[in-house]
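In what follows, a single structure is set out as structure tokens and then discussed.
Residues: numbered from 1 along the sequence shown.
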Amino acid sequence: MSDAASPSFIPVTGLLATLDQLRIEQSGGILHLRLNRAAKRNAISDLLVKQLHTAFLNLPETARVVVLSGEGDHFCAGLDLGEVGKSDAEHGMWHSRMWHAAFDAVQFGRVPVIAVLHGAVVGGGLELAASAHIRIVEPSTYFGLPEGTRGLFLGGGGSVRVPRLIGVARVTDMMLTGRVYEADEAHAIGLAQYKVGAGEGLAKAMALAGRISGNAPMSNFAILHALPRIADQSMEEGLLTESLMAAISQSTDEARGRLQAFLAGRAAKVVRQ
Ligand code: 1HE
């Protein structure tokens, strides 16, 4: 992936700079976080998942959007298979819960996360990508869930998040038969919202990040934290949650100012892109 889209990014300092399994840079409100284990295809070791958790719990106050990508030729090869053999059932349970905590911090953190995907997005790599809010695929991207062939099961929230994107039947097929979805088909079935040309993922992410940063913070909060909860609620509960969120959002000074600006002809109209 080309870096040309992000010339003004500079490395972060402080705690986040100590996370050696990640490479983290910031430009204004955009934090670019790369998985930095290319020699192992960004396979997720215990150390990497802990560092991801730390990073998302300690985002700089100034960050308004995170762009997540992978160094090297692949986004992520999933669980570090070199670490699995040590597991008994109790360790396996806590290992999975550690991943849940980390990926919950990605999905239910303070800021929207855009994943720029290329090469392999497999196993735990897909579980991580599914925790992001926006997924962009380049033509090299492919998705797989090889857990069945390794004698494993999903453990990073994938059995909860991936069926919500593409349905239980497709996930069942991927896991039973090893079916791999290439970028075009993955985009068509909803594994990614955007499909771009080779090397264009980061530029697309930066453009989307700019738009997201321009939203009212309370609206972004509602989109991240209320929308997925509403989807999991009964219709009656969902409608009530929606009413609460709508009332809170529209009663902020930010909303009042934005509505007045529109009515005075000072705000952008909805435009076709
Ligand atoms: C790894 C891993 C890994 C690569 N754990 N070390 N995930 C998988 O079953 C995917 C396994 N990986 C692959 O199928 C391939 O590596 C790829 C298709 C992703 C990339 O192929 P390639 O040809 O570019 O790389 P490579 O030569 O296979 O791997 C380069 C090195 O990375 C090599 O180590 P080296 O020391 O010999 O150089 C590989 O061993 C290493 N490597 N992938 C450990 N995954 C919470 S539950 C989640 C459950 C899962 O995620 S199951 C799916 C696991």
Q | Given V116, L68, N42, V122, the one that forms side-chain contact (heavy atoms from CB on, under 4.5 Å) with F75 | A | L68
Q) Only one of I223, I30, N220 clears side-chain contact (heavy atoms from CB on, under 4.5 Å) with I212; which? A) N220
(Q) Nearest 0.5 angstrom please: L191 CG to L117 CG, how far? (A) 9.5 Å
Q) Do M174 and V180 come close enough that some side-chain heavy atom pair is under 4.5 Å? A) no
Q.
Within the 4.5 Å heavy-atom criterion, are I134 and Y194 side-chain neighbours or not?
A. yes
Using a strict threshold of under 4.0 Å (side-chain N to carboxylate O), is an ion pair present between [Y] and [X]?
| X | Y | value |
| --- | --- | --- |
| E185 | R170 | no |
| D73 | R41 | no |
| D253 | R256 | yes |
| D184 | K195 | yes |
| R23 | E25 | yes |

Compute whether any side-chain donor of one residue and acceptor of the other, for [X] and [Y], lie under 3.5 angstrom apart.
| X | Y | result |
| --- | --- | --- |
| T54 | N58 | no |
| R161 | Q107 | yes |
| T141 | E138 | no |
| S8 | S27 | yes |

Q: Verify, without hydrogens or angle tests, whether E127 (side chain) and G156 (backbone) share a donor-acceptor contact under 3.5 angstrom.
A: yes
Q) Using a side-chain heavy atom cutoff under 4.5 Å and only I, L, V, M, F, W and Y, what cluster partners does F262 have? A) L263
Q: Look at the aromatic rings of F221 and H225 and report parallel, tilted or perpendicular, splitting at 30° and 60°.
A: parallel
